[in-house]
A.B. asks: 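Just dropping this structure here.
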Amino acid sequence: MSSAATRTTGRDQFWSVTEHLEDILATVRPLEPIELQLLDAQGCVLVEDVTVPLSLPPFDNSSMDGYAVRVADVAGASEEYPAVLTVIGDVAAGAPEQPHVGPGEAARIMTGAPLPPGAETVVPVEWTDGGLGEGPVSGMRARSASPEDATGQVAVHRPAEARAHVRAKGSDVQAGERALAAGTVLGPPQLALLAAIGRATVRVRPRPRVVVLSTGSELIPPGEPLGTGQIYDSNSFALTAAARDAGAIAYRVGAVADDAETLRSTIEDQLVRADMMVTTGGVSVGAYDVVKEALESVGDEDEEGAGIEFRKLAMQPGKPQGFGTIGPDHTPLLALPGNPVSSYVSFELFVRPAIRTLMGLEDVHRPTTTATLQASKGLTSPAGRRQFLRGTYADGEVTPVGGAGSHLVAALAHADALIVIPEDVESVEPGTEVEVILLG
């Protein structure tokens, strides 16, 4: 971790949240751009502006099912005195040729079909008798069931202004305009636009591949019976889902037992499919903190100052943290605490911005706001530590969820915000303004 190596460190030093995040973001680099098929590019970030090669729509077309007519032929039309026109044929979407509409004539036209030559406007079929010689109709009969409706006569019961119910060529976007800007995240609407202008592929930064693994001999997968001293592994599920929510392609690895060699081997096996690795557990000062044992002495021979460094941060929850690079490609690895709330808070503060940086996004942080604290009593914070408490946010107010403890897993399921108490504030009273990180 080259940027971190320039700092003077001591074993008992406490690093700030800002310092730790700065070192992470200084090390992580956006992934190299690649060309992808449209559907493969969903969720990716554009690396170049996309210009429209042709106008949309590419021709004047009807926005209604009805009849293409000349304005003068339907002027003054009413149900009592309808304008009776000769139907000369159909104009369907995709039809290679269109009939020419002359005086006293109408062409039956379908939604999306080109406005035929000679026609000036479109009257909806509901304004006509549909060629049946009776009152207004609600729709057209299917062409296959009634081909004769494309000829004969139609009575129009209402007038139409010029170009009524006509989508003009280029009314959506003009040729030469910028369709999408570099930095755009490609979702369904953006992919639809790319397809509409004829793009089959697009140049993007790929979604980063994030491998998540938890450590602890006490962890077993959900669905299996618990033995003495065992608990279910929730961290790997939470962090894998969080990585996907951040935009990554995330892979969950089953919990690794408290054995340093097994952990090193597992990490080496997973590096082939990882742009980033995230571990949870085993980073504190206990005798069985296997991540710290396995990785503290691991370095990157090809890069001076690289490797995994473990720190104490001036924050709660989430004091023990590790970060660096590992393997021949210098893959970033973030080692998070094992407590479920600590690991999730750490993910939001450190891993999510790193994932968004890999994606090539400019704004990698969650939105923040200020809110009035709604609580039955004040919130206290450890001296010299920044504290992050779960809360619910609505209409400028935030309410703590689950109290101040960091071991409340259920509180995560009901929180949509983190309440931030600065390290220089020992307590916050109800009714005061606090900083809030919005998780929704």
Side-chain angles (χ1 to χ4, degrees), residues 51-177 179 188-189 191-200:
T51 303
V52 180
L54 75 165
S55 297
L56 292 181
F59 46 79
D60 292 349
N61 68 91
S62 177
S63 65
M64 303 286 287
D65 294 321
Y67 292 85
V69 300
R70 299 161 68 94
V71 172
D73 289 337
V74 295
S78 65
E79 288 194 34
E80 185 177 1
Y81 299 106
V84 179
L85 306 176
T86 300
V87 181
I88 59 173
D90 278 352
V91 184
E97 298 181 1
Q98 297 86 41
H100 185 281
V101 178
E105 295 178 339
R108 203 167 62 151
I109 192 168
M110 314 304 148
T111 301
L115 188 70
E120 302 168 327
T121 189
V122 173
V123 291
V125 66
E126 293 88 349
W127 296 5
T128 76
D129 68 351
L132 301 178
E134 300 173 0
V137 296
S138 58
M140 297 178 183
R141 293 185 293 188
R143 166 75 175 174
S144 59
S146 192
E148 68 277 3
D149 284 356
T151 58
Q153 292 185 323
V154 64
V156 179
H157 301 143
R158 291 175 59 178
E161 297 178 354
R163 302 187 66 78
H165 310 112
V166 174
R167 286 188 291 243
K169 175 182 178 179
S171 58
D172 190 358
V173 63
Q174 294 279 349
E177 291 182 358
L191 294 176
L193 175 55
L194 290 168
I197 63 175
R199 289 290 294 264

A.B. asks: Is there a side-chain contact (heavy atoms from CB on, under 4.5 Å) between Val69 and Val101 once you walk through the steps?
C.D. replies: CA-CA 7 Å; Val69 300; Val101 178; 5.5 Å; no
A.B. asks: Looking at OG1 of Thr128 and NE2 of His157, how far apart are the two atoms once the value is rounded to the nearest 0.5 Å?
C.D. replies: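 NE2 of His157 is found 7.0 Å from OG1 of Thr128.
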A.B. asks: Please name the pair of heavy atoms, one in Asp90 and one in Pro99, separated by the smallest distance, quoted to 0.1 Å.
C.D. replies: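 Nearest heavy atoms, Asp90 then Pro99: O-CD, 4.0 Å.
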A.B. asks: Testing the basics here: between Pro117 and Gln98, what is the closest heavy-atom pair and its distance to 0.1 Å?
C.D. replies: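 The pair with the smallest heavy-atom distance is CD-CB, 4.0 Å.
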A.B. asks: Checking Thr121 side chain against Glu161 main chain: does a donor-acceptor pair fall under 3.5 Å?
C.D. replies: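 Checked: pair present.
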A.B. asks: Hey, is the main chain of Leu115 close enough, under 3.5 Å, to the side chain of Asp60 for a donor-acceptor pair?
C.D. replies: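 Looks like no, no N/O pair under 3.5 Å.
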A.B. asks: Show the nearest heavy-atom pair for residues Ala155 and Pro82, with the distance to one decimal.
C.D. replies: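 Nearest heavy atoms, Ala155 then Pro82: CB-CB, 3.9 Å.
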A.B. asks: Please list all pairs meeting ring pair (Phe, Tyr, Trp, His ring centres under 6.0 Å) that have one or both residues in residues 88-140, counting only residues at least two apart or in different chains.
C.D. replies: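 Listed by first then second residue: Trp127-His165.
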A.B. asks: Please step through side-chain contact (heavy atoms from CB on, under 4.5 Å) for the pair Val156 and Asp73, ending with a clear verdict.
C.D. replies: CA-CA 9 Å; Val156 179; Asp73 289 337; over 6 Å; no
A.B. asks: Search all heavy atoms of Gly76 against all heavy atoms of Pro159 and return the closest pair with its distance.
C.D. replies: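 Minimum heavy-atom separation between Gly76 and Pro159: N-CB, 4.0 Å.
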A.B. asks: Run the side-chain contact (heavy atoms from CB on, under 4.5 Å) check on Val74 and Leu85 step by step: do they pass?
C.D. replies: CA-CA 9 Å; Val74 295; Leu85 306 176; 4.1 Å; yes
A.B. asks: Give the minimum heavy-atom separation between Arg70 and Gly118, together with the two atoms involved.
C.D. replies: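 In this case the closest contact between Arg70 and Gly118 is CG-O, 3.4 Å.
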A.B. asks: Hey, does the side chain of Ser55 reach the backbone of Ala175 with a donor-acceptor pair shorter than 3.5 angstrom?
C.D. replies: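 Checking the backbone N and O of Ala175 against the side chain of Ser55, a donor-acceptor pair under 3.5 Å is found.
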A.B. asks: Is it true that, when you exclude Gln174 itself, more than 12 heavy atoms of the residues, nucleotides or ligands shown sit nearer than 6.0 Å to its CD?
C.D. replies: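 Yes - once you tally the heavy atoms of other residues, nucleotides and ligands closer than 6.0 Å, there are more than 12.
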A.B. asks: Scan residues 110-120 for pairs that pass side-chain hydrogen bond (donor to acceptor under 3.5 Å, both in side chains), counting only residues two or more places apart or in two chains.
C.D. replies: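 Output for this query lists Asp65-Thr111.
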A.B. asks: Write down the atom of Gly112, the atom of Phe59, and the distance for their closest heavy-atom approach.
C.D. replies: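 Shortest heavy-atom contact: O-CE1, 3.8 Å.
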A.B. asks: Supply the atom-to-atom distance Arg108 CZ to Ile88 CD1, rounded to the nearest 0.5 angstrom.
C.D. replies: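 Atom-to-atom, Arg108:CZ and Ile88:CD1 are 13.0 Å apart.
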A.B. asks: Got Val166 and Asn61 here, is their nearest side-chain heavy-atom distance under 4.5 Å?
C.D. replies: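 Not touching, per the 4.5 Å side-chain cut-off.
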A.B. asks: Does a side-chain heavy-atom distance below 4.5 Å link Arg158 with Val123?
C.D. replies: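 They are not in contact (no side-chain heavy atoms under 4.5 Å apart), so the answer is no.
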A.B. asks: Would you indicate whether the side-chain heavy atoms of Leu193 and Leu56 approach each other to under 4.5 Å?
C.D. replies: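 Answer yes - side chains close enough.
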A.B. asks: What distance separates Met110 CE from Met140 CE, expressed to the nearest 0.5 Å?
C.D. replies: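 Rounded to the nearest 0.5 Å, the CE-CE separation comes out at 4.5 Å.
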